[in-house]
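These numbers come from a predicted model, not from an experiment. Residues: numbered from 1 along the sequence shown.
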Amino acid sequence: MSEKQPQILIFNAAGELVAIARSIRSAAELTKVDENDIKLCCENRQNITEQYCFRYNVKPLIADDTLDKLNIEEYDRLCDCK
């Protein structure tokens, strides 16, 4: 039995949360960014594209009503990511 994949938070170049995708594949379809690059960005917290940056939507779980209200620096502080 496979584990459920976490949702993917999609931030634009300005660091603003612009979308929440249900999977890496969905994020890749939305942004036209390679799935492996999205995974690397989520795991290493590195910006691998000039247009988007990605994070796994884990603790704290972010809801759709935070779109355009949350930026990547605030999210990293909330989840204590460095």
Side-chain angles (χ1 to χ4, degrees):
M1 187 179 209
S2 65
E3 270 185 52
K4 183 180 176 189
Q5 290 185 347
Q7 293 177 327
I8 304 297
L9 302 174
I10 303 172
F11 296 89
N12 65 14
E16 300 162 330
L17 180 63
V18 294
I20 300 174
R22 67 179 180 262
S23 66
I24 290 176
R25 177 168 289 173
S26 293
E29 290 172 359
L30 283 169
T31 61
K32 307 299 186 232
V33 174
D34 182 79
E35 289 181 38
N36 289 323
D37 288 341
I38 293 172
K39 184 177 178 183
L40 286 172
C41 186
C42 288
E43 291 175 353
N44 299 320
R45 305 219 179 285
Q46 295 177 358
N47 189 358
I48 45 78
T49 170
E50 292 181 17
Q51 293 181 307
Y52 301 103
C53 196
F54 306 89
R55 295 288 189 267
Y56 289 125
N57 190 10
V58 289
K59 296 178 184 176
L61 199 58
I62 303 302
D64 289 339
D65 62 357
T66 59
L67 295 178
D68 298 325
K69 297 177 187 171
L70 180 70
N71 68 44
I72 197 164
E73 290 85 13
E74 290 169 339
Y75 177 75
D76 285 348
R77 273 195 304 273
L78 286 171
C79 70
D80 198 27
C81 303
K82 308 258 190 267

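Contact of the K39 side chain with the Y56 side chain is registered, since non-hydrogen atoms from C-beta on lie closer than 4.5 Å. With contacts defined as side-chain heavy-atom distances shorter than 4.5 Å, the pair V58/P6 qualifies.
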* **Stepwise side-chain contact (heavy atoms from CB on, under 4.5 Å) test for I8 and I20** => CA-CA 6 Å; I8 304 297; I20 300 174; over 6 Å; no
* **Full working for side-chain contact (heavy atoms from CB on, under 4.5 Å) between E74 and L17** => CA-CA 10 Å; E74 290 169 339; L17 180 63; over 6 Å; no
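Of all heavy-atom pairs between A28 and V33, the closest is CB-O, 3.1 Å. The two residues A21 and A27 come nearest to each other via the heavy atoms CB-N, 3.6 Å.
Atom CD1 of residue I10 and atom CD1 of residue I72 lie 11.5 Å apart, to the nearest 0.5 angstrom. From N12, atom CG reaches atom OH of Y52 across 8.0 Å, with rounding to the nearest 0.5 Å. Remark: C53 SG to Y75 OH distance equals 11.5 Å, nearest 0.5 Å. The structure places CG of D37 at 8.5 Å from CZ of F54, a figure rounded to the nearest 0.5 Å. The OG atom of S23 sits 7.0 Å away from the CD atom of E29 when rounded to the nearest 0.5 Å. The CD1 atom of I24 sits 8.5 Å away from atom CG of N36, with the distance rounded to the nearest 0.5 Å.
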